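Treat the numbers as computed from the prediction; the structure is a model and nothing was measured. Because only heavy atoms are used, hydrogens play no part in the values below, and waters and symmetry mates are left out as well, while side chains stay in. Protein chains get the first letters and strands the later ones, always in sequence-line order, with residue 1 at the start of each.
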Protein chains: 2
Amino acid sequence: MVREERLQIILDHVSKDNKVMLAELSEKLNVSEDTVRRDIKVLADQKLLTAVRGGAVAHSPIPHHYRAREKHDIASKKVIASKVLSFLKDGQVVLFDGGTSTLAVAESLPDDLRITVVTNSFPVASALEDHPTVEVIFAGGRLYKSSFTTIGHETINAFRNIRADLCIFGICSVHPAIGITTRDYEEAEIKKTMIEVSKETIALSTLEKINKADSYYIGPVTELDTIITDVSPDNEELSAYKEAGINII
Amino acid sequence: MVREERLQIILDHVSKDNKVMLAELSEKLNVSEDTVRRDIKVLADQKLLTAVRGGAVAHSPIPHHYRAREKHDIASKKVIASKVLSFLKDGQVVLFDGGTSTLAVAESLPDDLRITVVTNSFPVASALEDHPTVEVIFAGGRLYKSSFTTIGHETINAFRNIRADLCIFGICSVHPAIGITTRDYEEAEIKKTMIEVSKETIALSTLEKINKADSYYIGPVTELDTIITDVSPDNEELSAYKEAGINII
DNA sequence: AATTTATTTGCAAAATATTGCAATAATGTT
DNA sequence: AACATTATTGCAATATTTTGCAAATAAATT
């Protein structure tokens, strides 16, 4: 068994399951662990893999933070995002609030959609950074570091200067009698304004937030034109909203 | 199970549901909580997540990539940044323009400095995300995707609502007779406003921009109170500005 | 203040790396 | 073909790193 042969086997192994261990290879190749170690070193020097204590791992093709982002797309959010797309038409001005659901929507906007997105969410703006045709207006204000959105009266004023066609809410709690509520006071104030300046309002939600309430009031459920969830519109939990004349998707 | 494997699992877990707990991971990975803690520390050091008591949470959804967009010329920017720090005092309201020099300043602000930073630059805001005591006001407006700053009249209006103690300009061209100029029209308009609303203005520069001019005019050099460069203040290229009464550092 | 819970620190045992060296194999030179 | 030269390999002695444990701190909770 010559070295080149071993190197190839090691590479194959790494590309197959992203890691190899010294002991394992030593046995498989009938050479000492030292030799395997040295082989790995050669490959690591060529940047073909990354040597780690006890073996080697594949050279990650993309930096970690990207990788982390892609997993962020849980199935249900993709479902919701795809449902939203049918509401978006070229030329519209659309408000996006902060939140992972709206972020998922922003990330999945088709490349040829020409809308103007107005948002107070850095992640949303950031997701649209590379989008070729979407115009982004960022509503400034005091930076709320934990959620990376802006809040406060400057943000509210920024929204007040907009007339939007559509407003997309991330997940808040909705309850037929109590109305739309959220956990954060500032967030509630901003959402009130977003509803005010939009012709139409869509709320994204998951089943666990339906028929629940949080501390801060945004408005009655009748402010919502449409509720989009990850489940079938026929779900019985949603019937109360249908009766209230809300479009359930 | 090698360490790299564990790190990957932890990252995946965090990106999936935004948090992990020590006990949970300890069991899943068959290692002690201490080891998990140390693993998390490693990841936290790389800014891939944030360690918290009892586990870890996902780092901000904002991708890092523009935080680290231009890594080059770090040395001279660090020099400049350190010179700036002596101008910053607790309680001040400071305007930061977009640009890699001001970004370097933002990144090197000491942890106990309590100032309010007003900026139209996403990278600057992002760099201050983890800063414990700096308040950030973001000047909203139309997103200028290539530099990831906001521009336009909304941005200018946002700055007009501020009275700042200090304004820190990134690198523009300066010329004793022609004045302060820059390559971009929108940028020039915003910088004019920034000067207007600030008591004091500091320009960061490198030697290659001194005695040069670009297409768009911001104002006469006398608008500048201080010029900070990466070279000695005694450099003869700078003498004209000293004579104009500008503080050279 | 008392109690629980989590973190830090020092430490020792285990696992893994490094280094020098000798034996062997491969290669080149006359 | 015989010889010298060089590279590869395994081994052993010696570092270094990782890991879990326990005691001491620190932080949150009651």
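Within 4.0 Å of B:V2, counting heavy atoms only, lies no atom of the nucleic acid at all. Among the heavy atoms of the strands lying under 4.0 Å from B:V52 are primed sugar atoms or P, OP1, OP2 only; no base atom is included.
In this structure, the CG atom of B:L25 is 15 Å from the C1' atom of C:dA6, given to the nearest Å. To the nearest angstrom, C1' of D:dT19 lies 16 Å from NZ of B:K41. As rounded to whole Å, 13 Å separates atom P of C:dA6 from atom NZ of B:K19. One interatomic measurement links the two molecules: CD of B:E33 to P of C:dA6, which rounds to 7 Å at whole-angstrom precision. Going from atom CG of A:N30 over to atom P of D:dT9 covers 13 Å, rounded to whole Å. In this structure, A:L7 places its CG atom 10 Å from P of D:dT8, rounding to the nearest Å. Taking atom CZ of B:R38 as the reference point, atom C1' of D:dG20 lies 7 Å away to the nearest angstrom. Look at CD on B:E4: it is 14 Å from C1' on C:dT16, rounded to the nearest Å.
In this structure, of C:dT19, D:dT9, C:dA17, it is D:dT9 that holds the atom nearest to the side chain of A:D39. In this structure, the nucleotide among D:dG20, C:dT19, D:dT9 sitting nearest to the side chain of A:D34 is C:dT19. The side chain of A:R53 approaches C:dT16 more closely than any other nucleotide in the set D:dT19, D:dC11, C:dT16. Listed nucleotides D:dG20, D:dT18, D:dG10 differ in distance to B:R3; the shortest reach to its side chain belongs to D:dT18.
Under the 30°/60° scheme for interplanar angles, the aromatic rings of A:F122 and B:F138 are found to stand perpendicular.
For a distance-only test at 3.5 Å, the side chain of B:R37 fails to qualify as a donor-acceptor partner of the base of D:dG20.
In terms of phosphate contacts, B:R6 brings no side-chain nitrogen or oxygen within less than 4.0 Å of OP1 or OP2 of D:dT18.
Note on B:E4 versus A:K19: no salt bridge recorded, every NZ/NE/NH1/NH2 to OD/OE distance being 4.0 Å or above.
In this structure, A:E237 places its CD atom where more than 12 heavy-atom neighbours from other residues, nucleotides or ligands lie under 6.0 Å away.
A:K209 has its side chain out of reach of A:T229: every pair of non-hydrogen atoms, C-beta onward, lies at least 4.5 Å apart. Within the 4.5 Å cutoff, side-chain heavy atoms of A:Y241 are placed close to those of A:I210.
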